[in-house]
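First the structure, in the form of structure tokens, and then the observations on it.
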Amino acid sequence: MKHVEAHRIHRSGWLRAAVLGANDGIVSTASLVVGVAAAETSPEKILMVGVAGLVAGAMSMAAGEYVSVSSQADTEHADLEWERQELAANPVHEHEELTGIYIRRGLDAELASRVAAQLMAHNAIDAHARDELGISGTTAAHPVHAALASAASFTIGAMLPLAVVLVMPQPALIWSVSGCSLLFLALLGSIAARAGGAPVWTAAARVTFWGALAMALTAGTGFLFGITT
């Protein structure tokens, strides 16, 4: 009978970008709406500001993720190209280097040397990328995937507090947007934790706390500097 282990590490790249985007979409849009509402702005202007924040935030998240993950990908490619040159110029040294890695992981010297030789014969650059550089298929950088996941999740997250703005009257807007957004954040933390196999309550409490802090500070700014319009 074949034993299959359901690991979740392969989800780490897109899950990180998606959770970051959705969390930022909820927190930034809700904070923006609460801060503007605290300044006693009209409902139309509150919605306009929220939509503008959604568009700007989604593009900012996409651009930021693409640039940062592209930088990581560039570094990985440079390291791999350097490793290819080293393998071509001095394969004996590279074999010794890989052998040393396996010895430090617990293999005896003879077995480590044999494992290194067999892995290098099969795919030398793959062996060195994985065991020397720490680059594998599950951790390699994918800029486009990260950018799309982040922008899409930000948009979805930002639409949640905006939906509350559309259905709630202005006198109840601050508390309704704040309360619903905290609920959305707790739900997001729970879903992300379940997808990643982490403790649900810890993740939910973490995102809810920081979201509440962000909205409280923004609302305070709105009250402090707000001008009736």
Could you list the residues that satisfy side-chain hydrogen bond (donor to acceptor under 3.5 Å, both in side chains) with [X], not counting sequence neighbours?
X      : answer
Glu132 : His128
Asn90  : none
Tyr102 : Asp131

Quick check on the hydrophobic clustering: are [X] and [Y] connected, directly or via other members, by side-chain heavy-atom contacts under 4.5 Å?
X      : Y      : value
Leu217 : Phe209 : yes
Val49  : Ile174 : yes
Val55  : Ile46  : yes
Val167 : Ile156 : no

Go through the structure and list residues passing side-chain contact (heavy atoms from CB on, under 4.5 Å) with [X], not counting sequence neighbours.
X      : result
Leu47  : Val51, Leu162, Val165, Leu166
Met168 : Val164, Ala172, Leu173, Ser176
Trp201 : none
Ser113 : His95, Thr99

**Request:** Check step by step if side-chain contact (heavy atoms from CB on, under 4.5 Å) holds for Glu96 and Val92.
**Result:** CA-CA 6 Å; Glu96 293 174 350; Val92 174; 3.9 Å; yes
**Complete:** All heavy atoms of Pro91 vs all of Ala88, minimum pair found to be CD-O, 4.2 Å
**Nearest non-hydrogen partners of Ala58 and Ala151, listed with the distance** =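 Shortest heavy-atom separation between Ala58 and Ala151 comes out as O-CB, 3.7 Å.
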**Request:** Decide yes or no on side-chain contact (heavy atoms from CB on, under 4.5 Å) for Leu87 and Met120, but give the supporting numbers first.
**Result:** CA-CA 10 Å; Leu87 284 167; Met120 289 182 65; 3.7 Å; yes
Could you go through residues 19-39 and list every donor-acceptor pair under 3.5 Å that involves a side-chain atom there, pairing it with any protein atom two or more places apart or in another chain?
unit_1	atom_1	unit_2	atom_2	d
Ser28	OG	Asp24	O	2.5
Thr29	OG1	Gly25	O	2.8
Ser31	OG	Val27	O	2.6

Value rounded to 0.5 Å, distance of [atom1] in [X] from [atom2] in [Y]:
X      : Y      : atom1 : atom2 : answer
Leu119 : His122 : CG    : NE2   : 8.0 Å
His77  : Gln72  : NE2   : CD    : 10.0 Å
Leu107 : Ile101 : CG    : CD1   : 11.5 Å
Ile103 : Leu98  : CD1   : CG    : 10.5 Å
Leu133 : Thr75  : CG    : OG1   : 11.5 Å
Glu94  : Glu83  : CD    : CD    : 4.5 Å

**Message:** Taking salt bridge (charged side-chain N to carboxylate O under 4.0 Å, His left out) as the cut-off, I'd like each qualifying pair that reaches into residues 113-127, sequence neighbours left out, listed once.
**Reply:**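 Of all non-adjacent pairs touching residues 113-127, those that pass salt bridge (charged side-chain N to carboxylate O under 4.0 Å, His left out) are Asp126-Arg130.
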**Request:** Starting from Trp82, walk the hydrophobic network (Ile, Leu, Val, Met, Phe, Trp, Tyr; side-chain heavy atoms closer than 4.5 Å) and list everyone else you reach, by chain and number.
**Result:**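 None; Trp82 is a cluster of one.
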**Asked** Mind checking who shares a hydrophobic cluster with Tyr66, ILVMFWY linked at side-chain heavy-atom distances under 4.5 Å?
**Response** Val144, Leu148
**Asked** Under the side-chain contact (heavy atoms from CB on, under 4.5 Å) criterion, do Asp79 and Glu76 qualify, and how do the steps go?
**Response** CA-CA 5 Å; Asp79 279 348; Glu76 291 176 357; 5.8 Å; no
**Asked** More than 12 heavy atoms of other residues, nucleotides or ligands under 6.0 Å from CD of Glu110: is that the case?
**Response**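 Counting other residues, nucleotides and ligands, CD of Glu110 stays at 12 neighbours or fewer.
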